[in-house]
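The structure appears below as structure tokens.
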Amino acid sequence: MQRLRSQLLVRPLLESRLRGYCTSSSSEKIVASVLFERLRVVIPKPDPTVYAFQEFKFNWQQQFRRRYPDEFLDIAKNRAKGEYQMDYVPAPRITEADKNNDRKSLYRALDKKLYLLVFGKPFGATSDKPVWHFPEKVYDSEPTLRKCAESALKSVLGDLTHTYFVGNAPMAHMAVQPTEETPDLPSYKRFFFKCSVVAASKYNISNCEDFVWVTKDELLEFFPEQADFFKKMIIS
């Protein structure tokens with residue numbers, strides 16, 4: 001009987017502690033942001049050091065390669081000849097969008113990842129002027145935080161047909177607190193979710209003043225104060 005009473009007393013204490021760790025204060029907002037990325041279309045050019053090593057490795061292996069009989073090589077050559085021979089011409093790595101610096105096009109920087117930024121007023125902005133930011137939404141009554149992130153991206157794209165959210169958990173988060181320079185800034189936590197472009201070359205982006213598709217290096221120029229944070233969050 002005494003053991004049962006102790007269990008009944010300990011359980012509410014544990015539950016209250018667990019609830020304290022997983023919930024936030026009523027005044028602290030939660031924001032879900034989406035890192036919407038287009039993956040690489042072509043393989044990046046290797047580093048000169050890597051290319052030199054691969055060339056050395058190939059030349060070294062050629063010394064010990066197996067020598068096939070000429071009769072075998074002649075048969076292989078004859079099989080390659082036929083009516084189905086096709087000349088292959090690779091597409092250029094530099095596109096018209098690269099030449100014109102068209103940041104609204106997905107058909108640029110093919111050997112790098114592109115990320116979507118929209119121009120507007122995000123939550124927690126220090127002024128009324130619009131700024132560049134990721135698609136976002138303040139958590140309201142969605143069943144999960146990922147659903148909130150999906151709503152944020154859907155408000156910009158219109159639908160999520162050609163998108164893929166990577167996992168249910170956020171990839172990173174930042175806690176924003178008011179400072180002496182911005183005492184009126186509300187405290188909030190921003191959670192970032194990763195989403196990828198799937199089988200699409202263009203989106204009808206709306207509900208924002210402007211938008212751009214930028215590389216990682218270009219993205220860091222938009223956020224100089226959070227450059228270190230985004231360098232760690234975006235690995236490649």
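Counting from 1, the numbers follow the sequence of the chain as shown. No experiment lies behind these values; they were computed from the predicted model shown.
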(message) Once you measure the plane-to-plane angle for Tyr188 and Phe123, does it fall in the parallel (<30°), tilted (30-60°) or perpendicular (>60°) bin?
(response) perpendicular
(request) Taking only Lys NZ, Arg NE, NH1 and NH2, and the carboxylate oxygens of Asp or Glu, determine whether Arg108 and Glu218 approach each other closer than 4.0 Å. (result) yes
(request) Check step by step if side chain to side chain contact (heavy atoms under 4.5 Å, CB included) holds for Thr215 and Leu114. (result) CA-CA 5 Å; Thr215 63; Leu114 294 181; 3.7 Å; yes
(request) Determine whether more than 12 heavy atoms belonging to other residues, nucleotides or ligands lie under 6.0 Å from atom NZ of Lys216. (result) yes
(message) Within this structure, what is the CZ-CZ distance for the pair Phe211 and Arg103, rounded to the nearest 0.5 Å?
(response) 13.0 Å
(request) Provide the closest heavy-atom pair for Ala200 versus His162 in the form atom of the first, atom of the second, distance. (result) CB-CB, 3.8 Å
(message) According to salt bridge (charged side-chain N to carboxylate O under 4.0 Å, His left out), does anything in residues 201-212 pair up with another residue at least two apart or in another chain? List the pairs.
(response) Lys104-Asp210
(request) Verify side chain to side chain contact (heavy atoms under 4.5 Å, CB included) between Leu145 and Ile30, making sure each step is shown before the conclusion. (result) CA-CA 9 Å; Leu145 197 55; Ile30 295 178; 3.8 Å; yes
(message) I'd like to check Glu142 versus Glu150 (side-chain heavy atoms, cut-off strictly below 4.5 Å). Are they in contact?
(response) no
(request) Report yes if the distance between the aromatic ring centroids of Phe53 and Trp60 is under 6.0 Å, otherwise no. (result) no
(message) Please tell me whether Val131 and Leu220 are part of a single hydrophobic cluster in this structure, the criterion being side-chain heavy atoms less than 4.5 Å apart.
(response) no
(request) Enter the distance from Asp128:CG to Lys121:NZ here, rounded to the nearest 0.5 Å. (result) 4.0 Å
(request) Working to the nearest 0.5 Å, report the span between CG of Asn168 and OG1 of Thr144. (result) 7.0 Å
(request) Please name the pair of heavy atoms, one in Pro170 and one in Phe191, separated by the smallest distance, quoted to 0.1 Å. (result) CG-CD2, 3.7 Å
(request) Check whether any side-chain N or O of Asp98 sits under 3.5 Å from a backbone N or O of Thr95 as a donor-acceptor pair, and report yes or no. (result) yes
(request) For atom NZ of Lys113, decide whether the heavy atoms of other residues, nucleotides or ligands shown that lie under 6.0 angstrom number more than 12. (result) yes
(message) Test of understanding: clusters of I, L, V, M, F, W, Y form through side-chain heavy atoms closer than 4.5 Å, transitively. Do Val118 and Leu106 belong to the same one?
(response) yes
(request) Calculate, to the nearest 0.5 Å, the distance between atoms CG and CD belonging to Asp102 and Glu96 respectively. (result) 10.5 Å
(request) Decide if atom NZ of Lys112 counts as having more than 12 heavy atoms of other residues, nucleotides or ligands within a radius under 6.0 Å. (result) no
(request) For Asn101, look at atom CG and say whether over 12 heavy atoms of other residues, nucleotides or ligands are found less than 6.0 Å away. (result) yes
(message) Under 6.0 Å between ring centres: does that hold for Phe222 and Tyr115?
(response) no
(request) Can you see which heavy atom on Ser33 is nearest to which on Glu136, and at what distance? (result) OG-CB, 3.6 Å
(request) With side chain to side chain contact (heavy atoms under 4.5 Å, CB included) as the test, would you mind laying out the steps for Glu221 and Asp217 before giving the verdict? (result) CA-CA 7 Å; Glu221 298 176 358; Asp217 295 334; 5.8 Å; no
(request) Mind telling me whether Phe119 and Trp132 have parallel, tilted or perpendicular rings, with 30° and 60° as the class edges? (result) tilted
(request) Any chance you could lay out the ring-ring contact (aromatic ring centres under 6.0 Å, His included) test for Phe36 and Trp213, step after step, and finish with the verdict? (result) CA-CA 10 Å; Phe36 192 38; Trp213 291 95; 5.7 Å; yes
(message) Students often mix this up, so state it plainly: with edges at 30° and 60°, are the rings of Phe230 and Phe134 parallel, tilted or perpendicular?
(response) tilted
(message) Do Val166 and Leu160 land in one hydrophobic cluster if side-chain heavy atoms of ILVMFWY residues count as linked below 4.5 Å?
(response) no
(message) Return the CG to CG distance between Leu153 and Leu116, rounded to the nearest 0.5 Å.
(response) 7.5 Å
(request) May I ask you to decide if the ring planes of Phe229 and Phe192 are parallel, tilted or perpendicular, using 30° and 60° as cut-offs? (result) tilted
(message) Suppose the criterion is side chain to side chain donor-acceptor pair (under 3.5 Å): which pairs have a residue in residues 38-50, not counting sequence neighbours?
(response) Asp47-Thr49
(message) As an exercise, state the distance from CD1 of Ile205 to CG of Leu157, rounded to the nearest 0.5 Å.
(response) 6.0 Å
(request) May I have the step-by-step check of side chain to side chain contact (heavy atoms under 4.5 Å, CB included) for Val176 and Val31, ending in yes or no? (result) CA-CA 11 Å; Val176 181; Val31 181; over 6 Å; no
(message) Please determine whether residues Val42 and Val197 belong to a single hydrophobic cluster, defined as Ile, Leu, Val, Met, Phe, Trp and Tyr linked transitively by side-chain heavy-atom distances below 4.5 Å.
(response) no
(request) Look at the side-chain heavy atoms of Ile, Leu, Val, Met, Phe, Trp and Tyr, link any pair under 4.5 Å apart, and say whether Val41 and Val212 land in one connected group. (result) no
(request) Would you indicate whether the side-chain heavy atoms of Arg93 and Leu110 approach each other to under 4.5 Å? (result) no
(message) If I compare all heavy atoms of Ser155 with all of Asn207, which pair ends up nearest, and what's the gap?
(response) O-CB, 3.2 Å
(request) Grab the two heavy atoms, one from Cys195 and one from Thr163, that are nearest each other, plus how far apart they are. (result) SG-CB, 3.7 Å
(request) Could you tell me whether Ile235 atom CD1 has more than 12 heavy atoms of other residues or ligands within 6.0 Å of it? (result) no
(message) Just checking Glu225: does its CD atom have more than 12 heavy atoms from other residues, nucleotides or ligands closer to it than 6.0 angstrom?
(response) no
(message) To check you understand the geometry: which heavy-atom pair defines the closest contact between Ala149 and Val34, and what is its length?
(response) O-CG2, 3.3 Å
(message) Would you say that Tyr203 contacts Val156 through its side chain, given a criterion of any heavy-atom pair below 4.5 Å between the two side chains?
(response) no
